[in-house]
Novice: 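My structure is below; once you've seen it, I'll send some questions.
Source: prediction; values computed, not measured. Here is how names work: the chains are called A, B, and so on, in the same order as the sequence lines, proteins then strands, and each is numbered from 1.
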Amino acid sequence: MGTTLAEKIQSIRGMNDILPDETPAWQFVEEKLRLLMQSYDYDEIRFPIVEKTALFKRSIGEVTDIVEKEMYTFDDRNGDSLTLRPEGTAACVRAGVQNGILVNQQQRLWYSGPMFRHERPQKGRYRQFHQIGVEVFGLDGPDIDAELICMTARLWNELGLSGSVTLQLNSLGTPASRKVYRGILTDYLQANKALLDEDSLRRLESNPLRILDSKNPAMQDMIEKAPSLMDHLDEESKVHFSRLCTYLDSVGIAYEINTRLVRGLDYYSKTVFEWVTDKLGAQGTICAGGRYDGLVKQLGGRDTRAVGFAMGLERLISLVENKLLEKHAKQPHAVLLMMGERAQNSGLAVAEQMRNELPGLRILTVCGGGSFKSQMKRADKSQAEIALILGDDELENNVITVKYLRADRDADKSQQEQLSQSQVIELISGLASRNKNG
RNA sequence: GUGAGUAUAGCUUAAUGGUAAAGCUCUGGACUGUGAAUCCAGAUGAUAUCGGUUCGAACCCGAUUACUCACCCCA
């Protein structure tokens with residue numbers, strides 16, 4: 001027609017809106033997570049989304065893919081190089097060190113929020129995605145490693161995912177033992193250099209352990225025969241690992257030892273683990289973590305042992321069965337129809353009074369007027385249990401008509417009645433508390 | 001970053017190179033204060049963008065953009 005369409009501005013690639021019909025699922029999972037953290041007595045910490053670029057370079061590792069090509073980095077107005085956080089651990093450690101909460105004490109912390117990586121989007125992988133992370137400082141035993149894994153296993157159980165996920169476990173050893181192994185592995189890879197693909201050749205110098213992770217079928221045979229990290233662990237790491245396995249056995253958590261599990265970030269040592277699923281296509285890791293005993297010192301803090309993990313919320317939510325989420329779908333307890341000008345004038349006040357009386361009440365007002373029929377349609381669509389009808393008749397007699405929208409039509413029960421406002425409040429209060437328990 | 005597939009109404013999808021359709025949704029009515037069933041009527045599109053081939057393009061070709069999936073990487 002006459003109007004020219006302005007150019008539509010779209011969201012940034014890989015950064016998605018979470019729409020009203022999806023937020024109940026998010027809230028459901030977020031609430032489960034909050035209660036989970038509470039039940040282990042972990043404390044929430046919050047830190048900024050933007051940090052100095054150097055923080056991530058120093059912690060994640062200069063030669064990792066994340067730092068080399070996936071960070072959203074830009075210059076601040078004063079020339080500082082800043083970066084949208086690609087993960088939470090580095091910033092959590094920075095916040096802990098800066099505020100002096102890691103010195104001579106134990107901290108069990110969790111955080112959640114958006115992370116940013118400039119990758120090509122695909123199923124389960126986005127440029128802005130959400131993680132919940134847990135970090136524990138000042139504890140060096142395998143018992144706390146086990147506790148973190150217990151925590152995640154409990155969550156799968158509560159979300160009905162136990163059958164869809166498996167735990168992969170490995171130890172990367174202490175930095176010293178890893179250095180020795182790295183030498184042995186490099187020798188082996190050098191001897192088989194002819195079999196390496198382009199990526200692996202590049203990593204031969206920078207990060208040879210990552211070559212073990214390769215999915216290239218042509219290299220599998222060579223990787224199978226490579227010396228195993230497990231066989232070259234120092235005594236300390238061996239004991240740590242076997243005790244962790246014992247703990248897991250004793251709480252009945254099944255695991256698979258995967259000696260090729262290396263993890264992408266440089267700061268890990270000893271325990272590393274991943275929960276994986278085959279139900280999400282190519283992005284099958286929904287939770288991953290490990291021990292990073294050297295990172296706090298590396299970022300300028302006192303030498304402090306640490307262990308943690310992170311979960312991808314998008315992946316988690318897409319795994320949770322719709323059935324489970326539907327139960328959680330929210331709907332108003334009551335919907336208020338206002339017929340005519342007089343009713344509209346007093347209707348909002350009536351709704352306000354009801355909210356005063358019943359703080360947990362969800363009551364939807366059919367704003368915008370319209371015919372009785374159209375208001376009833378909107379009331380029905382709201383999924384509310386009952387409709388409260390306010391019109392001239394009701395105002396005249398100082399009552400409210402209550403219509404039971406979900407009543408069985410064939411039943412002999414009355415489907416509509418007129419009640420005083422206090423009777424209505426009593427009625428709704430019953431509905432509201434019943435919903436809470438159901 | 002590499003590769004493949006897709007792009008038509010708010011949504012889901014039709015349409016031999018020849019008038020752009022249907023269902024859902026929405027609005028109104030049948031039923032003047034009673035929804036969810038049924039029936040009737042109505043609203044909504046530069047067929048992603050730009051260019052080319054053609055008498056004629058939603059359809060064929062090219063480029064661009066976006067989305068999807070995979071590689072890679074990872075939560």
Novice: So does A:Lys381 get a side-chain nitrogen or oxygen closer than 4.0 Å to the phosphate oxygens (OP1/OP2) of B:C26?
Specialist: yes
Novice: Regarding A:Thr152 and A:Trp275, is there a side-chain donor-to-acceptor distance under 3.5 Å anywhere?
Specialist: yes
Novice: What integer distance in Å separates A:Tyr267:OH from B:C74:P?
Specialist: 11 Å
Novice: Closer than 3.5 angstrom, by distance alone: can the side chain of A:Gln353 be matched with the main-chain N or O of A:Val350 as a donor-acceptor pair?
Specialist: no
Novice: Where the side chain of A:Lys377 is defined as all heavy atoms beyond and including C-beta, which of B:A75, B:C73, B:G35 is the nearest nucleotide?
Specialist: B:G35
Novice: Mind checking the C1' distance from B:A57 to B:A48? Whole angstroms is fine.
Specialist: 16 Å
Novice: Within this structure, what is the CZ-to-C1' distance between A:Arg203 and B:C73, rounded to whole angstrom?
Specialist: 8 Å
Novice: Expressed as a whole number of Å, how far does the P atom of B:G10 sit from that of B:U47?
Specialist: 12 Å
Novice: Measuring only the P atom in each nucleotide, how far is B:C24 from B:A20? A whole number of Å is fine.
Specialist: 24 Å
Novice: In whole angstrom, give the distance that lies between atom CZ of A:Phe372 and atom P of B:G29.
Specialist: 13 Å
Novice: Taking RNA chain B as the partner, which of residues 120-130 of chain A come within under 4.0 angstrom of it by heavy atom?
Specialist: A:Arg120, A:Gln122, A:Lys123, A:Gly124, A:Arg125, A:Tyr126, A:Phe129
Novice: Going by atom types only, do A:Ser420 and A:Gln423 share a side-chain donor-acceptor pair under 3.5 Å?
Specialist: yes
Novice: For A:Tyr111 and A:Gln131, does a side-chain donor sit closer than 3.5 Å to a side-chain acceptor?
Specialist: no
Novice: I'd like to know if the side chain of A:Asp145 pairs up with that of A:His240 as donor and acceptor (distance under 3.5 Å, no hydrogens or angles considered).
Specialist: yes
Novice: Send over the distance from A:Leu261 CG to B:C74 P, rounded to a whole Å.
Specialist: 11 Å
Novice: To the nearest 0.5 Å, how far apart are CZ in A:Arg108 and CD1 in A:Ile45?
Specialist: 15.5 Å
Novice: Could one point to a donor on the side chain of A:Lys403 or the base of B:U34 with an acceptor on the other under 3.5 Å away?
Specialist: yes
Novice: Starting at atom CZ of A:Arg315, determine the distance to atom C1' of B:C69, rounded to an integer number of angstrom.
Specialist: 14 Å
Novice: Please tell me which of the listed nucleotides, B:G35, B:G33, B:C73, lies nearest to the side chain of A:Asp393?
Specialist: B:G33
Novice: Closer than 4.0 Å, any side-chain N/O of A:Lys215 to the OP1 or OP2 of B:C72?
Specialist: yes
Novice: Is it true that the side chains of A:Glu119 and A:Tyr126 contain a donor and an acceptor less than 3.5 Å apart?
Specialist: no
Novice: Using heavy-atom distances to pick each residue's nearest nucleotide on RNA chain B, tell me which of A:Gly370 and A:Glu394 is more 5'.
Specialist: A:Gly370
Novice: Which dot-bracket notation, 5' to 3', represents the base pairing of RNA chain B when pairs are defined as Watson-Crick or G-U with both distances under 3.5 Å, crossing pairs as [ ], and inter-strand pairs as |?
Specialist: (((((((..((((....[..))))((((((.......))))))....(((((..]....))))))))))))....
Novice: Does A:Arg378 get its side chain close enough to the base of B:C26, under 3.5 Å, for a donor-acceptor pair?
Specialist: no
Novice: Do we see a donor-acceptor contact under 3.5 Å between the side chains of A:Thr83 and A:Thr73?
Specialist: yes
Novice: Mind checking whether A:Tyr72 and A:His118 have parallel, tilted or perpendicular rings, split at 30° and 60°?
Specialist: tilted
Novice: Taking only heavy atoms on the protein side, list every residue of residues 273-288 of chain A lying under 4.0 Å from any atom of RNA chain B, sorted numerically.
Specialist: A:Gly281, A:Ala282, A:Gln283, A:Thr285, A:Ile286, A:Cys287, A:Ala288
Novice: How long is the line joining CD of A:Glu119 and C1' of B:C69, in whole Å?
Specialist: 15 Å
Novice: Using a cut-off of 6.0 Å, state whether more than 12 heavy atoms not belonging to A:Gln220 lie near its atom CD.
Specialist: yes
Novice: Indicate whether the side chain of A:His130 and that of A:Glu314 have a donor and an acceptor atom separated by less than 3.5 Å.
Specialist: yes
Novice: Could you tell me whether a side-chain N or O of A:Arg85 sits under 3.5 Å from a main-chain N or O of A:Pro114, the two making a donor and an acceptor?
Specialist: yes
Novice: Just checking, any donor-acceptor pair under 3.5 angstrom between side chains of A:Tyr292 and A:Gln298?
Specialist: no
Novice: Between B:A37 and B:U25, how many Å separate the two P atoms, rounded to a whole number?
Specialist: 8 Å
Novice: For nucleotides B:G17 and B:U68, find the distance between their C1' atoms and express it as a whole number of Å.
Specialist: 29 Å
Novice: Is there a donor-acceptor contact under 3.5 Å linking the side chains of A:Thr259 and A:Asn170?
Specialist: no
Novice: Considering only atom P, compute the distance from B:A7 to B:U49 and round it to an integer number of Å.
Specialist: 14 Å
Novice: How close or far is atom P of B:A37 from atom CG of A:Asp380, stated in whole angstroms?
Specialist: 8 Å
Novice: Does a side-chain N or O of A:Lys69 approach OP1 or OP2 of B:G1 to a distance below 4.0 Å, or not?
Specialist: no
Novice: Expressed in whole Å, how much space separates the P atoms belonging to B:G5 and B:G42?
Specialist: 42 Å
Novice: Taking the C1' atom of each, how far is B:U2 from B:C59, in whole Å?
Specialist: 30 Å
Novice: Between B:A75, B:G35, B:A66, which one does the side chain of A:Arg13 approach most closely?
Specialist: B:A66
Novice: Select from A:Met376 and A:His118 the residue whose nearest nucleotide in RNA chain B is closer to the 5' end of that strand.
Specialist: A:His118
Novice: In whole angstroms, how far is the C1' atom of B:G33 from the CD1 atom of A:Ile400?
Specialist: 16 Å
Novice: As a test of the definition: with a 90° window around 0 for syn, would you call B:A46 syn or anti?
Specialist: syn
Novice: Is a donor-acceptor pair below 3.5 Å formed from side chain A:Gln375 to base B:U34, judging by atom type as modelled?
Specialist: no
